[in-house]
Amino acid sequence: MPIDCEDQELLEGFLTETTELLEKLDDDLVALEKTPSDTDLLNQIFRSIHTVKGASSFLGFDLLVRVTHKTEDVLNRLRKGELLVTPEIMDVVLEATDLVKTLVADIKGGDIVDREIDETVNKLIPLLTEQVQQPPADPVVEPIAAEVNIEPPPAAAPSAPSEPSAAAGQPTAQPEPPSPTAPLPPAVSAAPAAKKTAPPKPADNKGGDDLSDSSTVRVDVKRLDDLMNQVGELVLERNRMIQLNQDLQGGSSDQILFGEEFGKLTKRMNFVTSELQMQVLKMRMIPVEKVFKKFPRIVRSLSRDLGKEVDLQIFGEETELDRSVVDEIGDPLIHLIRNAMDHGLETPEERLAAGKPRTGTLVLAAVHEGNSIIISIKDDGRGIDTERVGRKAIEKGLITEEQLAAMSQREMFDLIFLPGFSTKDKASDLSGRGVGMDVVKTNIKKLNGLIEIKSEKGLGSEFILRLPLTLAIIQSLLVEVEGEVYSIPLSSVLETLRVDQRQFHVVGGQEVLKLRESVLPLIRLEQVFKVQPAAERDDFCYVVVIGAADKRVGLVVTRLVGQQEVAIKSLGNYLANIPGIAGSTILGDGRVTLIVDPVGMIDSGDNAAAGR
Amino acid sequence: MSNALAPMKLDDVRSGEQGELIQLVSFNLAQEEYGVDVLKVREIIRMPTITRVPNTPHYVEGVINLRGKVIPIINMRKRFCLADAEYDKQTRIMVMDVGGELMGFIVDAVSEVIRISSSEIQPSPAVVSSGIDQECIAGVINQAERLLVLLELEKIFTQDERQLFSNL
């Protein structure tokens, strides 16, 4: 049945708002389960569902109304203390939320499917009559039941502006319990607390852009104003430039004066354009919260499935990164979390036996570092057993005994990324096919990211992802290879060295350099790119050490030219897949320079090593 | 460019002769004259600095910066296995639309835009000039003194080559 809605704008508004509310709802529901006494949170959830119900009944989406209405009733009983928050009730509520999502997705798709909703609704109905087994022990429920409007205490102030949209049409605004969530253990409150302080602003503006619909962006008006200011300045500078040129042409300005003025202008232009660039970049930025907020729900259901107790702590979810990156990191993160839950964390019994607290901890953190974002997933589980990993890899025929014997611990960790690798003997629906970590690696590589594993047997593991902030403009290192200039993404460059070529060693036909404690395989760019060698040769050359995902190689170049911020240009369809080339860029003098693909380089290094 | 001429006289001529009127840009390559559909030609430029792209077929000369867009450059002589020649003052790059993508083709010289009727196009004889793949030759135009080889750019790369490009 196609949607019959007169006002398309109204419908779009409804969809945007509902999607937003639902996204937040999942997160809130899981948080509520952890802190059942958080009445503020419960009210917020209630309002969200209520808003969805109101809007859908106004637009005549009957199925939606039925589900949301029942859900609202259940929530209302929870709110009044007639029911207690239990995992069973939450299961049903979450199921209902999922159903609402499906229904909204149908509407979004432009076609209402007559779905079977009775099953879920019927699960909700008994909850409406069920009597609470024990009286609410928590006194904070009292003011809620009475629906008193109490001025929020100052401590809760930051949370207040975060829900104006939901609170607007609501008579029950902000009943704040006098003693809110204070007695909670700090570990549990960490996640909700971070949430409260961080997103008040995002909720109003930039938090609005929707992952599932990335064709539109909502931008903070202030950012837009800033942008306009920058553009205004740019126009002024342009006028100045035209004026200067006219003066020079007309002879009213001599060369020296012109040079001086032009120098100043260049500086200002440089300043304005880099500001402008930052502004535009910022508008493309969305908080990583977009991805992170799915995780509490995933962790919850996984922990129930696996019978493990997990405390998920999320830090730095307000960290912003480019939407192109945000779109790509969801999958790898889910895999890593699953991995940590399934392989990393032990069951409560095992944990107790190992002398650890019963509940495992999973920490998901994001932080900015220079031009990259670092996301780490850390568990306090059993860690990676390198011996077992090595054995499995041999069993599966992925490596040979000799190879294993020659491996460092780091290389052994890397084995888990091999396609087809799994420590599980039998594949479950959760893991064991040996695909997940391969997906992680491929996706991270695609983003020009690095992945690092820290693990200690018995104490837990940490996966550290280092990703570029954006994919459109990158910092790059310009190098010269026998007269040709190439650009290497700086995010992959670990260090540069000036070395005498006589220090190179050849191991099994592969040139290597002894760098401090490790042996670095070398790739000669002039060979890979088949550059005509220049006449004179120097014994000294430069080695650019690059790393991608978990590997490192050294690129041998003739000279380092410098560092420059470059905009990536595609080479078009015909030349899209040249090995070792990621794209191209245009330098200040208008020449095209090719961007080296560090990942491709490292892979080709692998192949060279494998072929020897 | 003379694109503007195209629609103007189309009707007049069409009513006079049978066959559609076609405008061609003619260019030279190793003493031979070739023509391509004028609507495919975006612009004709002089030789800029070309950045070599490694590990590509020998006839891919590299890429250039065309007002902020990076486009690949194909050397027509090399593509058709003709003898190499130095670039001179006459050498031009014809920027053309090939299957929705811009590409530049290096030719010895671009001469003029000519108008012919489609009825003048004859099927290409079995053996045409040395080395040029038959596939991209749409026909031959015999006009008084001159012989013009009509090229179809969509077919300038064979199926195998397209495969190669996408799998490089």
Side-chain angles (χ1 to χ4, degrees), chain A residues 273 472-473 476 478-488 523-534 555-558 561 566-597 600-601 603-604 607-608, chain B residues 40 42-43 45-76 78-79 84 93-106 136 152-168:
Chain A
T273 40
I473 297 174
S476 75
L478 298 180
V479 298
E480 192 190 300
V481 182
E482 307 280 348
E484 289 184 9
V485 178
Y486 288 92
S487 140
I488 304 173
I523 295 176
R524 284 182 179 271
L525 276 190
E526 80 253 27
Q527 279 171 11
V528 179
F529 292 155
K530 303 193 177 68
V531 185
Q532 297 292 328
L555 301 179
V556 183
V557 301
T558 320
V561 180
V566 298
I568 300 178
K569 306 260 176 187
S570 125
L571 280 171
N573 277 345
Y574 288 99
L575 299 176
N577 298 310
I578 302 163
I581 302 291
S584 65
T585 186
I586 297 169
L587 295 184
D589 59 0
R591 271 187 310 164
V592 181
T593 295
L594 299 175
I595 300 172
V596 175
D597 170 21
M601 277 296 150
D603 281 352
S604 73
N607 294 341
Chain B
K40 294 278 175 207
R42 286 298 171 81
E43 56 191 293
I45 53 174
R46 288 168 200 277
M47 294 295 289
T49 331
I50 299 180
T51 304
R52 200 182 63 88
V53 180
N55 304 322
T56 45
H58 69 285
Y59 50 81
V60 176
E61 204 73 5
V63 288
I64 60 158
N65 166 17
L66 184 74
R67 293 183 305 276
K69 207 170 155 33
V70 177
I71 62 167
I73 300 298
I74 309 288
N75 190 327
M76 282 288 228
K78 287 184 183 166
R79 174 66 191 88
D84 238 353
I93 289 179
M94 294 173 77
V95 180
M96 298 194 258
D97 184 332
V98 183
E101 288 228 12
L102 287 188
M103 270 190 158
F105 293 87
I106 302 175
C136 65
E152 197 174 337
L153 286 169
E154 257 76 21
K155 291 186 183 152
I156 193 153
F157 301 115
T158 58
Q159 200 60 42
D160 292 351
E161 283 168 324
R162 284 173 175 280
Q163 204 80 47
L164 188 70
F165 277 131
S166 50
N167 290 337
L168 265 174

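Naming: A, B, ... by sequence-line order, numbering from 1 per chain. These values consider heavy atoms only, across backbone and side chains, with no hydrogens, waters or symmetry-generated copies. Predicted model only: the values in this text are computed from it and were never measured.
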So does A:Val592 get a backbone contact from the side chain of B:Thr51, meaning a donor-acceptor N/O pair under 3.5 Å?
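Looks like yes, one N/O pair under 3.5 Å.
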Is B:Asn55 reaching over with its side chain to a backbone N or O of A:Phe529, donor-acceptor style, under 3.5 angstrom?
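No, B:Asn55 side chain to A:Phe529 backbone: no donor-acceptor pair under 3.5 Å.
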How long is the span from the [atom1] atom in [X] to the [atom2] atom in [Y], to the nearest 0.5 Å?
X	Y	atom1	atom2	result
B:Asn65	A:Arg591	CG	CZ	11.5 Å
A:Asp589	B:Thr49	CG	OG1	7.5 Å
A:Ile586	B:Lys69	CD1	NZ	10.0 Å

Interchain contact, A:Val485 with chain B, by part (heavy-atom threshold 4.5 Å):
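Looking at A:Val485, nothing touches chain B.
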In terms of heavy-atom proximity below 4.5 Å to chain B, should A:Lys569 be classed as side chain, backbone, both, or neither?
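It is the side chain, since no backbone atom gets that close.
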Minimum side-chain heavy-atom gap A:Ile581-B:Pro54 below 4.5 Å
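A side-chain contact exists here, since the closest heavy-atom pair is under 4.5 Å.
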